[in-house]
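The structure under discussion appears below in the form of structure tokens.
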Amino acid sequence: MGGSPATPGPSPSPSTSVRRRWPLVGLVGVLGAAIAFSPLFGNVSIPPELVLRLLLNRLSGGSLFPAPCAGFGVSARLCTAYGEIVWEERLPEVLLALGTGAALGCSGATLQGVFRNPLADPFLLGISSGGTVGAAVVFVFQIDPTGNNLVLPLFAFLGALATGGVVLLAARSRFGSVETLLLTGVALSSLLSSVLSLMLLLNPTGSLQVDFWLLGNLGAATWPIDGIVLGVVLATGTALALYGRELNLLQLGPDVAQALGVDPRRVRLDLLVLTSLTTAIAVAFTGIIGFVGLVSPHIVRRVAGSDYRRVVPGAAVVGGAFLLGARDFALWVIPSSVLPIGIFTSFAGAPFFAYLLYRRRGLSTMGAT
Amino acid sequence: MNDAPVLRTVDLEVNYGIRRALAGVSTTVRSGEFVALAGPNGSGKTTLLRAALGLVPSSGGSVELFGDRVATLSVRERARRVAWMPQAEVPRDDVPLLDYVLYGRYARLGRLEGEGASDRVAARAALDEVHLGDRAQDGILSLSGGERQRAVLARALVQSTPLLLLDEPTSHLDIGHQLDLLERVRGLVRGGRTTVVAALHDLNLAARFADRIVVLHRGRVVADGPPSRVLSPRLLQEVWGVASELRRDPRTGLPYLLPRTLPAALELPESTSRRRVHVVAGGGTAAELLRGLADTGCAVSVGALPLFDSDLEVAEELQILAAVEVPFSPISDATRAELRRLLGESECVVVAPFPVGSGNLANWEELARHPRPQEIVLIAHDPDRPWDFVDGRADAIRRALIAGGAVEVADATAAVRRAVGPATAIAP
């Protein structure tokens, strides 16, 4: 955000800054840099140049740097191990962070638009609670003794989706106003957290795992999982981005939107289905990662204006970069870190959000008073 | 779209919970009409417009747009047939004005189709039409309330629908822009571009611009017809509870209802010990003075003022008795008589530093003619600002008054103190 001046200066009117496109290109650049740098960070110390050689070697099918470790004083066995670490651990983790961050970013932006509320985030409608209960079922009842890495995500996904489904039923009902939805989400979250507490009281051994899961982590990353996450997020994210115009109109209120040709209830339903799916897939593999979905849209608004045709895709880009940055930061501060990434996103996100609140501009453009 | 009426309601009923907003409204709007919906607050004007848009479900009867029941039309199709200018719209995001107006093209674009050059041309033309052409790149939030209202009209215009519904389109506009906007809207209708139904709470504006006035009262149609037939003192008394007299605009010949005074309850009580003060003002020069006098508990009257004068608005807000005249016309004999009566009943007259033209010179003439046992307080004019636009005639009367014992004070505060008198002077 180095591009945005700290003080607006004596600009003739605040509106001269509303149409900004180039910053969006800048954000994509930041994301590109984050993707490029992220494999250099990991909990095993490998020289950066060697990481690059190993990556290029794999990417080129062995034709570039046929002997990647030559000159680094690394044994052939260690060299193979490094290659595995970079290719099978770091890169999948980077891609999972990218997909998850993008999912949370565009879902958050969309929900802020649907609810016309700058404080909306992807977990607003109880998807986090549903996912947590799903995961807790696995931990508490020890459903997964074999350690199959797809059982936990499956349960978390189903839990998240089920919650989203209940809220959507409320949305379809005759009283499907925005307020009904929010209240259903809040009620459902409370209900689910008491279910969770009850489960953990009956079987306390799962509680540490649940706590860990609740803070989010990227440890589950593998190529097939990345395939699932990126595939789903690319599809749903593209669909969400195509609703930018409808979101813009919804900001004028449901009645005006309808008079202009947008069916607010249908669009709301479409968007809730898409964001539920997107968020559920992210939650399934990484747990609850806070603040990414809340903060990313505000960053985009500040640099690129409040047109949802830019905010939604922009928030996906910023979300990806944000989560990658948090991961890299965690590994830079504590190189052998296995700390949940959610700690770091909150660590960076909360003060930044407070700053945005303090500055007001990011929120005032959303009409929050 | 065939010869079916543009808009037709048959026995339309709309309920909000247990409150009946429309109780059997039947009305037909034909192509090329400018229909005004009039009626006091809560009479059902807005609800009727919302029902035509399909925004409120009807609990009885039907609404049809061009022969099709609204409920059977898709939201998109409705937006191609009817555009709406809502009463109040509060945008949240600071989007550029041009984009905001382009929102009006939504229903005409394909699902993935972006706005093209022709859409931009239409949007710019609409902005020019409402005099906002030079603000196209400004953010919508930087616009004033009145400018925003015009922006919303521009957005409705680019929908290029055969029916345009306006809900109190002039509520945030000054008198100049009110007339301008309604003039333009009428031009659209005359040019055959659209049919207009506008909720207007100002009967006189409705009479001046609309071909037909439909008066709603408690959810029912109580009058429907051309202004000359609909406008009557009896209607104003029955529907609005306001005594008035019917006049004709000397230039247009159109009927005009002139509220004689404010509602009857505001007549001054006969046996009052309150000090009576009459204020002569105009053009918003007396707002502070009127508030100050009202605060001291004086029985205040004001006039003669033209309808829509901002001093009159303050007077209405403070429930101050006023002698009122039709705007842009010289003060009539009837109003002069009213002014003489108010002058005669007052114990003190305060004259605000208002600009004087031929239209309101009568105020000064009456002051000069009046036998004055009472005190006259004149507030000093800003020496840098010309105020006498009648070749010094007003100034001459003013000098004569001072020579005859009138007191000149510096500002409104001093005038209030002087008018209230030493005995009842309030702390500053």
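This is a predicted model, so every value here is computed, not measured. Labels below follow one simple rule: chain letters A, B, ... track the order of the sequence lines, proteins then strands, and each chain is numbered from 1.
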Sidechain-backbone polar pair: B/E77 side chain, A/G261 backbone, donor-acceptor under 3.5 Å: no
Verdict with reasoning, B/L53 to A/Q258, per side-chain contact (heavy atoms from CB on, under 4.5 Å): CA-CA 9 Å; B/L53 290 154; A/Q258 179 165 339; over 6 Å; no
When rounded to the nearest 0.5 angstrom, what is the spacing between [atom1] in [X] and [atom2] in [Y]?
| X | Y | atom1 | atom2 | value |
| --- | --- | --- | --- | --- |
| B/Y100 | A/L249 | OH | CG | 10.0 Å |
| B/D93 | A/N248 | CG | CG | 7.5 Å |
| A/R245 | B/Y103 | CZ | OH | 11.0 Å |
| B/I140 | A/S306 | CD1 | OG | 11.5 Å |
| A/N117 | B/R92 | CG | CZ | 7.5 Å |

Chain A contact via [X] - which portion, at a heavy-atom distance below 4.5 Å:
| X | value |
| --- | --- |
| B/V152 | neither |
| B/L109 | side chain |
| B/R105 | neither |
| B/R108 | neither |

Residue among B/A156, B/A79, B/A83, B/G104 with most heavy-atom pairs under 4.5 Å to chain A: B/A79
Return a table of donor-acceptor pairs under 3.5 angstrom between the side chains of residues 30-41 of chain B and protein atoms on other chains or two or more places apart.
{"unit_1": "B/E33", "atom_1": "OE1", "unit_2": "B/R30", "atom_2": "N", "d": "2.8"}
{"unit_1": "B/E33", "atom_1": "OE1", "unit_2": "B/R212", "atom_2": "NH1", "d": "3.0"}
{"unit_1": "B/E33", "atom_1": "OE2", "unit_2": "B/R212", "atom_2": "NH1", "d": "3.1"}

Pairing residues for A/R266 by the side-chain hydrogen bond (donor to acceptor under 3.5 Å, both in side chains) criterion, not counting sequence neighbours: A/D270
A/R309 and B/E115 ion-paired at < 4.0 Å: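 Salt bridge between A/R309 and B/E115, a charged N being under 4.0 Å from a carboxylate O: yes.
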side-chain contact (heavy atoms from CB on, under 4.5 Å) between B/V75 and A/V262, worked out: CA-CA 7 Å; B/V75 168; A/V262 171; 5.7 Å; no
Residues 228-244 of chain A: residues contacting chain B (heavy atom under 4.5 Å, by number):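 Listed by number, the contacting residues are A/L242, A/Y243.
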Pair A/V256-B/R155, side-chain contact (heavy atoms from CB on, under 4.5 Å): steps then yes or no: CA-CA 11 Å; A/V256 175; B/R155 192 187 63 200; 3.3 Å; yes
Student check: side-chain heavy atoms of B/W84 and A/D255 closer than 4.5 Å: yes
With sequence neighbours excluded, residues passing side chain to side chain contact (heavy atoms under 4.5 Å, CB included) with B/D174: B/H177
